[in-house]
Amino acid sequence: MIAYIERFVHENDVDSSPDPDSAADYTSEVLSDLRVAAAIGGAISDAGKDFGGIQFSKPLAVLRPSDAADVAKILRLAARSPHLTVAARGNGHSVNGQSMAHRGLVIDMKSLGCGIHVDAAAMHADVSGGALWDDVLRHCVGNYGLAPRSWTDYLGLTVGGTLSNAGISGQAFAHGPQTENVTELEVVTGNGDVLVCSTRQNSELFFGALGGLGQFGIITRARVLLQPAPDMVRWIRVVYTEFSDFTRDAESLVTRPVGDTFDYVEGFVFVNSDDPVNGWPSVPLDRYGSFDPARISCSASPVLYCLEVALHYKNEDSPSTVDTRVERLMVGLRVKEGMRFETELGYMEFLLRVKQVEEEAKANGIWGAPHPWLNLFVSKNDIGEFDRVVFKNILKHGVGGPMLLYPLLRSKWDSRKSVALPEGEIFYLVALLRFCSPYQTGLSVHQMVVQNQEILQSCTKNGIDYKLYLPHYNSVEGWKRHFGNRWTRFQERKARFDPMAILAPGQKIFSRNWQHS
Ligand SMILES: Cc1cc2nc3c(=O)[nH]c(=O)nc-3n(C[C@H](O)[C@H](O)[C@H](O)COP(=O)(O)OP(=O)(O)OC[C@H]3O[C@@H](n4cnc5c(N)ncnc54)[C@H](O)[C@@H]3O)c2cc1C
């Protein structure tokens with residue numbers, strides 16, 4: 001049964017966009033067909049905004065289904081209208097309106113509940129598409145001593161939301177993104193069919209939905225692979241002044257055989273200054289650590305680089321065993337004296353590390369402020385040029401937040417899935433995680449958006465091979481360029497699984513009458 005519906009009342013609605021099929025009237029019909037009482041006038045403004053805080057929309061209603069059958073019912077009813085669209089909203093942590101449905105229906109995926117069922121013998125968990133990853137972590141580790149293999153840095157995201165993109169963090173070099181660590185999905189297609197899919201069953205839907213930007217169906221369940229959870233983590237940062245040293249060491253670590261390298265490899269770029277957010281103070285791992293700028297040569301560039309690695313271990317491992325393993329893995333890395341920082345913490349604490357940042361940012365009022373983030377995958381061949389043009393020039397003063405930079409391996413990404421990647425085996429994630437402090441002087445939100453465009457234009461001008469991660473374009477031409485020779489396959493999957501283009505309108509890829517235009 002649908003658990004609850006909130007419906008938007010267009011009071012003082014000055015929106016002049018066309019409403020060709022009297023969508024509001026039609027929604028009333030849909031709601032009455034669902035045979036549930038609509039809570040009219042409830043606040044649904046949350047569904048009209050997202051973490052990015054740049055795009056806003058006015059949905060007609062927010063629906064809170066309790067299972068896949070309810071979701072199917074909503075989609076079948078929406079299909080009876082020529083214009084109604086439906087967006088699955090995970091935790092709304094998109095930054096460009098991707099989980100919105102302007103004048104459409106928004107499904108609150110969290111209403112499906114966590115629904116986490118672990119099969120310890122088979123080493124997997126069946127998890128609701130609306131479950132948050134931090135709930136998955138707590139349940140699996142707390143009750144079974146098991147954990148998913150691949151994560152995101154921040155876990156306040158839903159399983160369906162990250163699987164619709166990729167889901168990457170410092171484990172992805174070894175295990176692939178989260179999309180490579182699920183073996184089965186239950187998906188409600190745009191046709192309103194509830195299908196179980198895997199590499200062997202309904203495989204086209206399985207490959208399409210993973211990284212599919214919500215275009216082919218709504219993921220209501222995912223089977224997530226598990227591994228034994230460690231107890232503790234040794235977390236290390238190493239600072240480099242030379243970009244080539246940083247990339248050489250990072251690439252060396254991610255290309256070593258699994259078991260012969262760290263369990264987690266990431267990195268970031270920071271500003272060579274005392275700026276508390278972008279500069280030296282952002283490096284030490286604990287409050288007692290300090291960064292000694294005297295160790296940085298006067299001729300160093302305006303930005304510096306930090307490799308970040310972590311090693312898992314068990315409580316029963318002696319400190320000397322852990323030290324020996326760490327030092328063996330550090331051999332060959334170009335670590336300068338005084339430029340290594342480290343700490344030890346519990347595995348759960350490590351995976352939940354961004355939660356603390358969230359709490360502090362909420363207290364400072366910057367969590368709720370706009371986030372004009374830009375995420376890119378840049379080919380290894382062009383990352384040196386990217387560093388020269390973007391980090392050392394356009395971003396030499398930072399972005400008011402982390403600038404992540406770390407290598408990933410294309411061979412860990414199944415090309416049958418929907419994610420678009422640049423050429424070559426090694427490519428880099430570049431994540432410009434901009435935060436706007438209400439109290440800080442610096443670029444305005446608009447200027448940050450313009451700077452993002454400037455970065456992309458510079459990439460194009462300099463022939464840099466890149467793809468947007470968490471992509472957004474406002475034109476079909478942009479999407480065609482993004483998918484390149486995979487665009488035809490993407491369209492064919494759309495025609496098969498969501499031919500009326502009901503799903504995920506906030507991605508702005510297809511419109512409801514796309515097959516006739
Ligand atoms: C603070 C923060 C940290 C982040 N860290 C990382 C990171 O480390 N690694 C990383 O890879 N990403 C990261 N992201 C990006 C994040 O993975 C994506 O934005 C993701 O889509 C957010 O999940 P969500 O549940 O909020 O999805 P939403 O924003 O609600 O939805 C995203 C898209 O997926 C669709 N969708 C949602 N649920 C489903 C479903 N069940 N089935 C089908 N489609 C669905 C929506 O319609 C929408 O199009 C981060 C984002 C934030 C805000």
Side-chain angles (χ1 to χ4, degrees), residues 46-47 49-53 55 59 65 68 71 75 85-101 104-112 115 127-134 150-172 177-179 185-190 205 208-222 264 266 351 353-355 357-358 361-362 366-368 370-371 373 375 377 401-402 404 406 408 418-419 429 431 433-435 469-472 497-498 502-509:
D46 275 3
K49 55 189 186 209
D50 63 15
F51 184 80
Q55 308 263 347
V71 174
L75 288 168
T85 55
V86 177
R89 179 180 169 94
N91 209 21
H93 276 44
S94 294
V95 294
N96 283 291
Q98 289 95 331
S99 58
M100 296 179 192
L105 305 177
V106 173
I107 297 183
D108 175 1
M109 293 303 293
K110 287 192 285 184
S111 68
L112 268 64
V127 178
S128 162
L132 292 173
W133 282 105
D134 48 17
S150 190
W151 293 99
T152 45
D153 294 344
Y154 170 69
L155 306 190
L157 310 167
T158 64
V159 169
T162 67
L163 291 180
S164 298
N165 285 294
I168 42 182
S169 182
Q171 306 82 12
Q178 290 179 319
T179 43
L185 300 175
E186 177 188 75
V187 176
V188 185
T189 67
L205 180 60
L210 291 169
L213 307 175
Q215 293 303 304
F216 312 116
I218 295 183
I219 299 167
T220 45
R221 178 180 61 80
Y264 163 104
E266 283 204 7
L351 288 178
R353 62 200 180 279
V354 182
K355 188 87 197 152
V357 178
E358 176 183 358
K362 277 183 174 161
I366 57 171
W367 192 257
H371 300 94
W373 286 7
N375 288 271
F377 293 136
L404 306 186
Y406 57 88
L408 295 162
S418 294
V419 189
L429 170 79
L433 309 181
R434 299 172 183 274
F435 280 80
Y469 176 51
L470 313 169
H472 77 102
F497 299 114
D498 182 28
I502 293 169
L503 291 167
Q507 299 280 4
K508 299 196 180 77
I509 308 176

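As the structure lists them, so they are numbered: ligands from 1, and atoms in each ligand from 1.
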Which segment of Val159 sits under 4.0 Å of ligand 1 when only heavy atoms are counted: neither
Partners passing salt bridge (charged side-chain N to carboxylate O under 4.0 Å, His left out) against Asp498 (at least two apart in sequence or in another chain): Lys494
Protein heavy atom at shortest distance from atom 21 (O) of ligand 1: Asn165 ND2, 2.9 Å
Ligand 1 to Thr158 polar contact by distance, N or O atoms, under 3.5 Å: yes
Taking atom 33 (C) of ligand 1 as the reference point, the nearest protein heavy atom with its distance: Gln507 NE2, 4.0 Å
Pick from Ala88, Ala222, Ala47: the one approaching atom 35 (C) of ligand 1 most closely through a non-hydrogen atom: Ala88
Side chain, backbone, both or neither: His371 near ligand 1, heavy atoms under 4.0 Å: neither
Min N/O separation Phe51 to ligand 1 under 3.5 Å: no
Stepwise side-chain contact (heavy atoms from CB on, under 4.5 Å) check, Leu185 with Leu210: CA-CA 9 Å; Leu185 300 175; Leu210 291 169; 3.9 Å; yes
Side chains of Leu155 and Lys355 in contact at under 4.5 Å (non-hydrogen atoms): no
Residue-ligand contact Phe435/ligand 1, heavy atom below 4.0 Å: no
Atom 24 (P) of ligand 1: the protein heavy-atom neighbour that sits closest, reported with distance to 0.1 Å: Asn91 N, 3.4 Å
Gly92 touching ligand 1 at heavy-atom level, < 4.0 angstrom: yes
Options Ser94, Ala101, Ala87, ranked by nearest heavy atom to atom 32 (C) of ligand 1, top entry: Ser94
Test of proximity, Tyr469 against ligand 1: N or O pairs below 3.5 Å: yes
Considering all heavy atoms, the nearest Val159-Ala222 contact: CG1-CB, 3.9 Å
Distance from atom 3 (C) of ligand 1 to nearest protein heavy atom, with residue and atom: Tyr154 CB, 3.4 Å
Ligand 1 N/O within reach of Gly161 N/O, cut-off under 3.5 Å: yes
Smallest separation among heavy atoms of Phe435 and Pro402, with atom names: CE1-CD, 4.3 Å
Check: Ser164 N/O within less than 3.5 Å of ligand 1 N/O: yes
Shortest reach to atom 50 (C) of ligand 1 by a heavy atom, considering only Leu157, Asp108, Thr220: Leu157
Euclidean distance, Thr158 OG1 relative to Leu163 CG, rounded to 0.5 Å: 8.5 Å
Trp367, any N or O under 3.5 Å of ligand 1 N or O: no
Ligand 1 atoms in contact with Met109 (distance to a heavy atom under 4.0 Å): 41 (N)
Distance, nearest 0.5 Å, that separates NZ of Lys49 from CE of Met100: 9.5 Å
Geometric N/O contact Gly90 with ligand 1, under 3.5 angstrom: yes
His93 and Tyr154 aromatic ring geometry - parallel, tilted or perpendicular at 30°/60° bounds: parallel
Of the listed options Leu112, Ile509, Asp153, closest to atom 8 (O) of ligand 1 (non-hydrogen atoms): Asp153
Heteroatom distance test (Trp373, ligand 1): nitrogen or oxygen, under 3.5 angstrom: no
Under 4.0 Å to a heavy atom of Gly214 - the qualifying atoms of ligand 1, by number: 44 (N)
Atom 48 (C) of ligand 1: the protein heavy-atom neighbour that sits closest, reported with distance to 0.1 Å: Gln98 O, 3.3 Å
Non-hydrogen atom of Gly167 closer than 4.0 Å to ligand 1: yes
Gap separating the CG atom of Leu470 from the CG atom of Leu213, nearest 0.5 angstrom: 9.0 Å
Taking atom 15 (C) of ligand 1 as the reference point, the nearest protein heavy atom with its distance: Leu470 CD1, 3.7 Å
For Ser111 against Pro65, the heavy-atom pair lying closest together: OG-O, 2.6 Å
Minimum side-chain heavy-atom gap Ile168-Thr162 below 4.5 Å: no
Nitrogen or oxygen atoms of Thr162 and ligand 1 under 3.5 Å apart: no
Nitrogen or oxygen of Ile168 less than 3.5 angstrom from that of ligand 1: yes
Partner set under salt bridge (charged side-chain N to carboxylate O under 4.0 Å, His left out) for Arg221, not counting sequence neighbours: Asp126, Glu184
Shortest non-hydrogen separation from Asn91 to Lys110 and the atoms involved: OD1-NZ, 2.6 Å
Distance, nearest 0.5 Å, that separates OG of Ser99 from CD of Gln55: 10.5 Å
Check against side chain to side chain donor-acceptor pair (under 3.5 Å), Thr220 and Glu186: CA-CA 6 Å; Thr220 45; Glu186 177 188 75; 2.6 Å; yes
Trp133-Thr152 side chain donor-acceptor pair, cut-off 3.5 Å: no
Minimum-distance protein heavy atom relative to atom 26 (O) of ligand 1: His93 N, 2.7 Å
Nearest-0.5 Å distance that lies between atom CD1 in Ile218 and atom CG in Leu75: 5.0 Å
Verdict with supporting geometry, Asn165 and Gln98, side-chain contact (heavy atoms from CB on, under 4.5 Å): CA-CA 11 Å; Asn165 285 294; Gln98 289 95 331; over 6 Å; no
Nearest neighbour in protein (non-hydrogen) for atom 41 (N) of ligand 1: Ile219 O, 2.9 Å
Arg89: numbered ligand 1 atoms lying under 4.0 Å from its heavy atoms: 30 (O)
Ligand 1 contacted by Gly217 (non-hydrogen, < 4.0 Å): yes
